[in-house]
Asker: 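My questions will all concern the structure given below.
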Number of protein chains: 2
Amino acid sequence: MFDILFKYFEQKSGLTLLQDEKSLIEENFKSKRFRKKQYLLQEGDTCKYAGFIAAGAARMFSVDEKGHEHIVRFGIEGWWLGDPESYTQQTPSKFNIEMIEDSELLLITWDHFQELIAAIPAVAAATKDMDKQSFIASQKRIHSAISLTAEERYDELAKAYPAFIQRFPQNMIASYLGISPETLSRIRKNALSN
Amino acid sequence: MFDILFKYFEQKSGLTLLQDEKSLIEENFKSKRFRKKQYLLQEGDTCKYAGFIAAGAARMFSVDEKGHEHIVRFGIEGWWLGDPESYTQQTPSKFNIEMIEDSELLLITWDHFQELIAAIPAVAAATKDMDKQSFIASQKRIHSAISLTAEERYDELAKAYPAFIQRFPQNMIASYLGISPETLSRIRKNALSN
DNA sequence: AAATTGACTTGACATTTGTCAAGACTGTAC
DNA sequence: GTACAGTCTTGACAAATGTCAAGTCAATTT
């Protein structure tokens, strides 16, 4: 069950983990099962754990005054969950993280993560790479948001992450794109005739 | 002129730079003046240098098929310029970086930056922090883009970066927010009566 | 000083997107 | 098997935003 995590660190870092290092990782993460609709983080709470998704899927979202949900991020196997701001600074989060499917998460606190980074070069390198890639991906999404129409944003998502389209309900995809479910339904309808 | 850069590394890292380290930094960066409207990076070129803004201001933007510009990022004194994707992977960029004012930049190639990171703990720590903060800031902007109206996005920007509002022309602020200059003009007009 | 350019505003109108309400359909719970 | 909740679709209409064109103003150039 930790294998996917070891593989992640090794691939991202380009290094190989020693047996000792693997043991250290296992000691610092704790594995936990989540049922669909269960929360890893709720608005107002501090993000105590970052979670590596060994299996399953989740979403991070906010809820506005009108009760509308806005999905900031999806996560599937091999991705990380957590509100970076709340996690690194231990401040209350504005977001919720909820499982979309039954999931298996590997959890770690900020302090334990810092220990691993200090002790294991592969973890340090992988983390660094992760932050950089996250930033690059975010820039792309910002660029889409300010420069494309709803339909273009949908097409781009379908192309970049086709798995999302099949795996997540349409209303969540709409929320992720920042449009209403009705608009997305109409976009998809139009697409058929093109 | 390098003082602002030294201060940046020290503040971000919480460490103090030794004299040797300062010298090493000076050797690896090169200082260059840019006139207003001059480009640091043009679409299609590879982002050879990252630039630390010692003085001045700039914008990073794309141009779509209709000739419309979309500003992904602003930069002012103490901020960095560069397309992270193009810079770290040395691939052609989709963006342009242009000075909004006469500016003084401290430039460094990717390879030289890696050398500094390896040699100077304060630079390594500051860079790590920078990536994390950039990601957090990006997440906030994504959240605004998908959940707020044009007016709310403007208000948020005015609150978070009041300096931008005074310093940059309205049409650029509009482009940054992903709205037309006319819409921003009307938003500002309405705001007066509230 | 006259001409030119760029930034901003304003009005009229078009287009996109959101909202509300209703209905079809599916899978799940009881 | 029936009821129920969730998801998606569709239509009618409202609201937000974009587009085009014209005009003002200030700064810059000639």
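Proteins come first, then strands; the chains are lettered A, B, ... in the order of their sequence lines, and each starts at number 1.
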Asker: Nearest-Å distance, CD (B/Q166) to C1' (C/dC8)?
Answerer: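 Atom CD in B/Q166 sits about 18 Å away from atom C1' in C/dC8.
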Asker: Return the value, rounded to whole Å, for the distance between atom NZ of B/K37 and atom P of D/dT28.
Answerer: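 The distance from NZ of B/K37 to P of D/dT28 comes to 12 Å, rounded to the nearest Å.
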Asker: Can you tell me if the side-chain N/O atoms of A/T183 get under 4.0 Å from OP1 or OP2 in C/dG18?
Answerer: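 Yes, A/T183 has a side-chain N/O under 4.0 Å of OP1/OP2 on C/dG18.
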Asker: Can a salt bridge be assigned to the pair A/E98 and A/K37 using a cut-off of 4.0 Å between side-chain N and carboxylate O?
Answerer: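 A/K37 and A/E98: not salt-bridged.
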Asker: Please state whether the phosphate of C/dT9, meaning OP1 or OP2, lies under 4.0 angstrom from any side-chain nitrogen or oxygen of B/K189.
Answerer: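 False: B/K189 side-chain N/O out of range (4.0 Å or more) of C/dT9 OP1/OP2.
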Asker: When you measure from the side chain of A/S103 to the backbone N and O of A/L105, does any donor-acceptor pair fall under 3.5 Å?
Answerer: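 Not at all, since once roles are kept as given, no pair shorter than 3.5 Å links the two residues.
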Asker: Check whether any side-chain N or O of A/N171 sits under 4.0 Å from OP1 or OP2 of D/dG6, and answer yes or no.
Answerer: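 For A/N171, the contact criterion (side-chain N or O under 4.0 Å from OP1 or OP2 of D/dG6) is not met.
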Asker: Rounded to the nearest Å, what distance is computed from the CD1 atom of residue B/I187 to the C1' atom of nucleotide C/dT10?
Answerer: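 Going from CD1 in B/I187 over to C1' in C/dT10 covers 15 Å.
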Asker: Using whole Å, report how far NZ of B/K66 lies from P of D/dG18.
Answerer: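 It works out to 11 Å between those atoms.
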Asker: Return the value, rounded to whole Å, for the distance between atom OH of B/Y154 and atom P of D/dA16.
Answerer: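 After rounding, the reported distance stands at 19 Å.
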Asker: Kindly point out which of D/dT10, C/dC8, D/dT7 is positioned nearest to the side chain of A/P169?
Answerer: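 The closest nucleotide is D/dT7.
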Asker: Before accepting this row, confirm whether a basic side-chain N of the pair B/E104/B/R33 lies closer than 4.0 Å to the acidic partner's carboxylate O.
Answerer: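 Salt bridge between B/E104 and B/R33, a charged N being under 4.0 Å from a carboxylate O: yes.
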Asker: Could you tell me the separation between the CZ atom of A/R167 and the P atom of D/dT7, rounded to a whole number of Å?
Answerer: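 To the nearest whole Å, that distance equals 16 Å.
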Asker: Taking B/G56's backbone N and O only, do any of them form a donor-acceptor pair with B/E77's side chain (distance below 3.5 Å, no angle check)?
Answerer: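 Present.
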Asker: Classify the ring geometry of A/W79 against A/F164: parallel below 30°, tilted from 30° to 60°, perpendicular beyond 60°.
Answerer: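 Tilted: the ring planes of A/W79 and A/F164 meet at 30° to 60°.
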Asker: Atom CD of A/Q170 and atom P of C/dT26: how far apart are they, to the nearest Å?
Answerer: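 Interatomic distance, CD of A/Q170 to P of C/dT26: 15 Å.
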Asker: Who else is in the cluster with B/F29 when I, L, V, M, F, W and Y are joined by side-chain contacts under 4.5 Å?
Answerer: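 B/F29 clusters with B/M1, B/F2, B/I4, B/L5, B/F6, B/Y8, B/F9, B/L17, B/L24, B/I25, B/F52, B/W80, B/Y87, B/L106, B/I108, B/W110, B/F113, B/L116, B/I117, B/I120, B/V123, B/M130.
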Asker: What is the separation between atom CD1 on B/I179 and atom C1' on C/dT16, rounded to the nearest whole Å?
Answerer: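 That distance rounds to 15 Å.
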Asker: Produce the list of close N/O pairs, under 3.5 Å, pairing protein atoms with atoms of nucleotides 20-25 of chain C; give distances to one decimal.
Answerer:
{"from": "C/dC20", "atom 1": "N4", "to": "A/E182", "atom 2": "OE2", "distance (Å)": "3.1"}

Asker: Check this for me: does any side-chain nitrogen of one of B/K140 and B/E156 sit under 4.0 Å from a carboxylate oxygen of the other?
Answerer: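 Looking at B/K140 and B/E156, the cut-off is not met.
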Asker: Using OP1 and OP2 only, check whether a side-chain N or O of B/S180 sits under 4.0 Å from D/dT17.
Answerer: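 It does not, given that no N or O in the side chain of B/S180 lies less than 4.0 Å from OP1 or OP2 of D/dT17.
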